[in-house]
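All figures in this text were calculated on a predicted structure; none of them were measured in a lab. First listed ligand is number 1; within each ligand, the first listed atom is number 1.
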Amino acid sequence: MSQDKRLLIVEDDLGLQRQLRWAYEGYDISCAATREEAITRIRAEEPQVVTLDLGLPPDPDGTEEGFATLEAILQLRPDTKVIVASGHGAHESMLKAIALGAWDFYQKPIDIDALGLIVARAFHVHGLEQENRRLSEWAGLGAGLGGIVTGAPEMLKVMRTVERVANADVSVMLLGASGTGKELLARGLHDASRRKGNFVAINCAAIPETLLESELFGHEKGAFTGAVKTTEGKIELADRGTLFLDEVGDIPLPLQVKLLRFLQERVVERVGGRKPIPVDTRIVCATHQNLEDMIANGRFREDLYYRLAEIVVRIPALHERAGDPGLLARHFLQKHAQTMNPGVRGFAPDALAAIDAWQWPGNVRELENRVKRAVIMADGKMVSALDLDLAAPDHGQPINLKAAREHADRKAIRHALARADGNISGTARLLGISRPTLYDLMKAYDLQP
Ligand SMILES: Nc1ncnc2c1ncn2[C@@H]1O[C@H](COP(=O)(O)OP(=O)(O)OP(=O)(O)O)[C@@H](O)[C@H]1O
Ligand SMILES: [Mg+2]
């Protein structure tokens, strides 16, 4: 069955049938003159749109046969857009047809241009509905872990890993670019675990070095000027819960030593305190830095790395998650339209195309921000590429054939690597190339398994 726009014309006046077929030749057209023929065509060709004359034999002057045909069509394929045409007792027939599920109504004598517009709109709406349905089916797949929305196999795999390790008390390191959802996954991991305590997050890059120690470990009253009362640190606050160390690569070396000691002995000593306090917490950390490089340069302790990274989870960039930009865009549009601009219903086709083409350097965070802003700015029902600020030439897109090929190669290799769990032979097999060729390409494009 072709993906084309298939139009079925149900009309017993053969002259009119010919005229319509000629007028709408841009569609893939078939015709039927009776209910039986119409049903056969529906079964065989699954047209998206049908124009239906209500006056069909054996009742060409009435409407009964036409209504029976309408019901039969919708029973077979409920999402078919049926446009009913009739000259008989127009108003009443219209109400009845709409009640039976017709999509629109048209009064004879037929004006080819006006009916043409209705037909075109019917195809458009049918297309949007299919797309919506596909997306909401996808959206269901990712449910269950902390509100993470995805339909991409790469990301579903990440979520399955997180769910699997949730109840094992191992430390988890989340690696991903900015805005890929590291914190969301860390929360999801905590929620999926049996830990009853709090989820406590601390961004190690956002706190001045001098304060970080007391933030993490707490301090006793009078430990330093300004320590007016005894304060628990984040580690203690996460007792029986989960401690999320964001930007763990930014912890200065002296504090790395102290953190390592905590991980080995599972007790904290507050700044200025004497007695060790036992704490049972699960450590999840994240960074966008390359810790291996930092270890090589002596800026991150290797022994701490292995304590923190019992399980390493790599979160793919948004543009590597097939289908997710559109899916998430719709999710955020619904979320923000509700509170900020309820008139906004969806994306114009140019917006959807722009969303697919954009590289999303800021990942989900950038996407949410753009959609949110666009929802506020939109003055119609549909958000346009311009509202999203994506109408300008897309600098994220390759500009010549060589760059386009390289872009496509990179993407294919990264997908295959993810699917083969980084295994080189498996990846080469998936891509249908030899191992040496894969090695050469990975070297040329600077890709890691
Ligand atoms: N898959 C997803 N589904 C729904 N919302 C998401 C998803 N991924 C991220 N978000 C949302 O996008 C925003 C950014 O996510 P988050 O803060 O977890 O990213 P991050 O990797 O920690 O980013 P950064 O490196 O900038 O700190 C948050 O508002 C989060 O709720
Ligand atoms: Mg974050």
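A cation-pi geometry, defined here as NZ or CZ lying under 6.0 Å from the six-membered ring centre and within 45° of its normal, holds between Lys258 and Phe217. Both the sub-6.0 Å distance and the 45° axial angle are not jointly satisfied by Lys372 relative to the ring of Phe332. Figure legend: Arg307 and Tyr305 shown without cation-pi pairing, the cationic atom not lying both under 6.0 angstrom from the six-membered ring centre and within 45 degrees of its axis.
Regarding atom 22 (O) of ligand 1, its nearest protein heavy-atom neighbour is Glu183 N, 3.2 Å. Summary of contacts: the protein heavy atom closest to atom 18 (O) of ligand 1 is Leu184 N, 2.9 Å. Here the protein heavy atom with the shortest distance to atom 9 (C) of ligand 1 is Val364 CG1, 3.4 Å. Regarding atom 23 (O) of ligand 1, its nearest protein heavy-atom neighbour is Gly179 N, 2.9 Å. Protein heavy atom closest to atom 2 (C) of ligand 1, with residue, atom name and distance, is Val149 N, 3.6 Å.
Each of Arg321, Glu154, Arg410, Glu320 was evaluated against His415; a single residue qualifies, Glu154, per the side-chain hydrogen bond (donor to acceptor under 3.5 Å, both in side chains) test.
The distance from ligand 1 to the heavy atoms of Phe332 drops below 4.0 Å at these ligand atoms: 5 (N). In summary, the atoms of ligand 1 found under 4.0 Å from a heavy atom of Gly147, numbered by their order in the structure, are 3 (N), 4 (C). Against a heavy-atom cut-off of under 4.0 Å, Ile148 is close to the following atoms of ligand 1: 1 (N), 3 (N).
The side chain of Glu368, and not its backbone, has at least one atom closer than 4.0 Å to an atom of ligand 1 (non-hydrogen atoms only; side chain from C-beta on). Contacts of Phe244 with ligand 1, taken as heavy-atom pairs under 4.0 Å, are absent altogether.
Of the polar atoms of Asp246, none of the N or O atoms is found under 3.5 Å from an N or O of ligand 1, judged by distance alone. Of the N or O atoms in Gly181, one or more lie within a sub-3.5 Å distance of an N or O in ligand 1. For Lys182, a nitrogen or oxygen atom sits less than 3.5 Å from a nitrogen or oxygen atom of ligand 1, counting backbone and side chain alike. Where the criterion is an N or O separation shorter than 3.5 Å, residue side chain and backbone included, Glu247 fails it with respect to ligand 1.
The closest donor-acceptor contact from the side chain of Arg240 to the backbone of Asp280 lies at 3.5 Å or more, if one exists at all. At least one donor-acceptor pair under 3.5 Å links the side chain of Ser171 to the backbone N or O of Leu308.
In this structure, Gly176 does not count as a contact residue of ligand 1, since none of its heavy atoms falls inside 4.0 Å of the ligand. For Leu328, the heavy-atom gap to ligand 1 drops under 4.0 angstrom. Close to ligand 1: Arg365, with a non-hydrogen atom less than 4.0 angstrom away.
For His219 and Glu213, the side-chain atoms include no donor-acceptor pair closer than 3.5 Å. Side-chain N/O atoms of Ser384 and Asp387 include a donor and acceptor closer than 3.5 Å.
The local environment of OH in Tyr306 is sparse, with at most 12 non-hydrogen atoms from other residues, nucleotides or ligands closer than 6.0 Å. The environment of CZ in Arg373 is crowded: more than 12 heavy-atom neighbours from other residues, nucleotides or ligands sit within 6.0 Å.
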task = List the steps, then state whether salt bridge (Lys or Arg N to Asp or Glu O under 4.0 Å) holds for Asp293 with Arg299.
result = CA-CA 9 Å; Asp293 281 357; Arg299 286 187 295 133; over 6 Å; no

